[in-house]
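The next block holds one structure in the form of structure tokens; read it before the comments.
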Amino acid sequence: DRAYLSRLRNDLATAADAYEQLRAEHRALGNAAWERAVAINLAEVEHARGRTASAIVIVRELLPGFRGHSDRTSFANVLANLSGYLVANGDPDEARAAAREAIAELAPRDPEIALIVTAIEHLALTLLLSGDFRRAAVLAGYVDATYRRHGVERESTEQITHDRLSTLLRKRFSPGALTSLKAEGRALAPETALLLALEADP
């Protein structure tokens, strides 16, 4: 469709317009599930084109419906996305809370599920921005290893967080120290990484 193809061509303004139109059509028809799905894509496009505040508004409107819904994976995905938007928008504390809620939704069912790693990466950036440098670096190593293990590529929201996290880690640590900390993260079992991510802040 027009929205998807425009997004592939990186014509984000056209993609956003198309998603807005689709969302309105599904809303008018009472297709709540499709309206939510379109809104999630619209938020991703808005963030990718620098309209992060708009993405946050869209997702916050979705959250009440997801909280009472049986699709907990989609709920966790929305929370993980929200975490990425919030940390990009200068709110690391709320971003950290959203990431941890996403992790808590998924971890009891499958600590190895790929979606968890996206939330952990957003969380790692919030930790770094809050001064918890070592834990951020270790979790970054775990995230890198898990992406490789699953053969999954980062989508735009995760790539934005990853690039910023990587840049700040290189500024904070010497190359040798960063290599050592990330190696520690790569060696973590999923359950141990989750415990580290959910550990109370110092």
Side-chain angles (χ1 to χ4, degrees), residues 1-8 10-110 113-126 129 143 152-162 164 194 197-198:
D1 60 19
R2 187 165 67 96
Y4 177 71
L5 291 175
S6 297
R7 196 170 172 184
L8 283 180
N10 206 35
D11 183 358
L12 299 181
T14 300
D17 289 343
Y19 281 129
E20 285 278 18
Q21 183 178 343
L22 276 172
R23 182 169 65 157
E25 290 171 359
H26 285 301
R27 180 176 294 168
L29 293 169
N31 296 334
W34 279 104
E35 182 187 346
R36 284 195 297 268
V38 171
I40 291 169
N41 282 292
L42 174 60
E44 287 284 270
V45 169
E46 289 289 80
H47 179 47
R49 69 182 186 135
R51 292 170 52 89
T52 302
S54 173
I56 292 170
V57 169
I58 292 166
V59 168
R60 280 181 168 155
E61 288 176 352
L62 292 174
L63 285 179
F66 272 112
R67 288 189 188 280
H69 199 271
S70 60
D71 186 355
R72 311 310 291 171
T73 300
S74 292
F75 177 44
N77 181 49
V78 169
L79 284 169
N81 287 347
L82 178 60
S83 178
Y85 307 155
L86 288 166
V87 70
N89 208 46
D91 193 346
D93 292 340
E94 191 173 353
R96 187 157 54 254
R100 283 178 170 157
E101 188 175 0
I103 294 166
E105 279 288 333
L106 297 169
R109 286 174 284 154
D110 183 1
I113 190 169
L115 177 56
I116 288 179
V117 79
T118 70
I120 291 177
E121 188 156 44
H122 297 315
L123 174 69
L125 178 55
T126 74
L129 293 172
V143 167
V152 177
E153 292 189 6
R154 291 173 175 86
E155 296 187 11
S156 60
T157 294
E158 287 68 48
Q159 192 64 50
I160 290 168
T161 290
H162 172 74
R164 187 179 178 196
L194 292 179
L198 297 174

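The chain is numbered in sequence order, starting from 1.
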Checklist outcome for this item: The reported gap from CG in L125 to CD1 in I160 (rounded to nearest 0.5 angstrom) is 11.5 Å
Next on the checklist: Once rounded to the nearest 0.5 Å, what's the spacing between atom CD of E158 and atom CD of E153?
Outcome noted: 12.5 Å
Item to check | All side chain to side chain donor-acceptor pair (under 3.5 Å) counterparts of R60, not counting sequence neighbours | outcome: E94
Next on the checklist: Can you tell me how far apart CD (E101) and CG (L63) are? Round to the nearest 0.5 Å.
Outcome noted: 8.0 Å
Checklist outcome for this item: Tightest non-hydrogen contact, residues A95 and S83, listed as O-OG, 2.8 Å
Checklist entry - Hey, are the side chains of N41 and L22 touching, using non-hydrogen atoms and a 4.5 Å cut-off? => result no
Item to check | Listed partners of E155 passing salt bridge (Lys or Arg N to Asp or Glu O under 4.0 Å), at least two apart | outcome: none
Checklist entry - Looking only at atom types and distance, does a side-chain atom of R23 sit under 3.5 Å from a main-chain N or O of A18, one as donor and one as acceptor? => result no
Checklist entry - Is the backbone of L106 close enough, under 3.5 Å, to the side chain of R72 for a donor and an acceptor to pair up by distance? => result no
Item to check | Pairs involving residues 73-93, ordered by first then second residue, that meet salt bridge (charged side-chain N to carboxylate O under 4.0 Å, His left out) (sequence neighbours left out) | outcome: D93-R96
Next on the checklist: Just so I know, are the side chains of N81 and T118 near enough to count as touching, which here means a heavy-atom distance under 4.5 Å?
Outcome noted: no
Checklist entry - Distance from L115 atom CG to I103 atom CD1, nearest 0.5 Å? => result 9.5 Å
Checklist outcome for this item: Between the CD atom in E105 and the OG1 atom in T73, the distance rounded to the nearest 0.5 Å is 9.0 Å
Next on the checklist: If the condition is salt bridge (Lys or Arg N to Asp or Glu O under 4.0 Å), which residues does R164 pass it with, not counting sequence neighbours?
Outcome noted: none
Item to check | For H122 against A80, the heavy-atom pair lying closest together | outcome: CD2-O, 3.1 Å
Checklist entry - When I56 is tested against each of V59, T52, I58 for side chain to side chain contact (heavy atoms under 4.5 Å, CB included), which residue passes? => result T52
Next on the checklist: For H26, give me all partners under ring-ring contact (aromatic ring centres under 6.0 Å, His included), at least two apart in sequence or on another chain.
Outcome noted: W34
Checklist entry - What pair of heavy atoms forms the shortest contact from A107 to L194, and how long is it? => result CB-CD1, 3.6 Å
Item to check | Nearest non-hydrogen partners of H47 and A88, listed with the distance | outcome: CE1-CB, 3.6 Å
Next on the checklist: L123 vs L198, test: side chain to side chain contact (heavy atoms under 4.5 Å, CB included). Steps then yes/no.
Outcome noted: CA-CA 9 Å; L123 174 69; L198 297 174; 5.9 Å; no
Checklist entry - What pairs of residues pass the salt bridge (charged side-chain N to carboxylate O under 4.0 Å, His left out) test when at least one of them lies in residues 47-57, not counting sequence neighbours? => result E46-R49, E46-R51
Item to check | Exercise: identify the closest heavy-atom pair between A16 and L42 | outcome: O-CD1, 3.6 Å
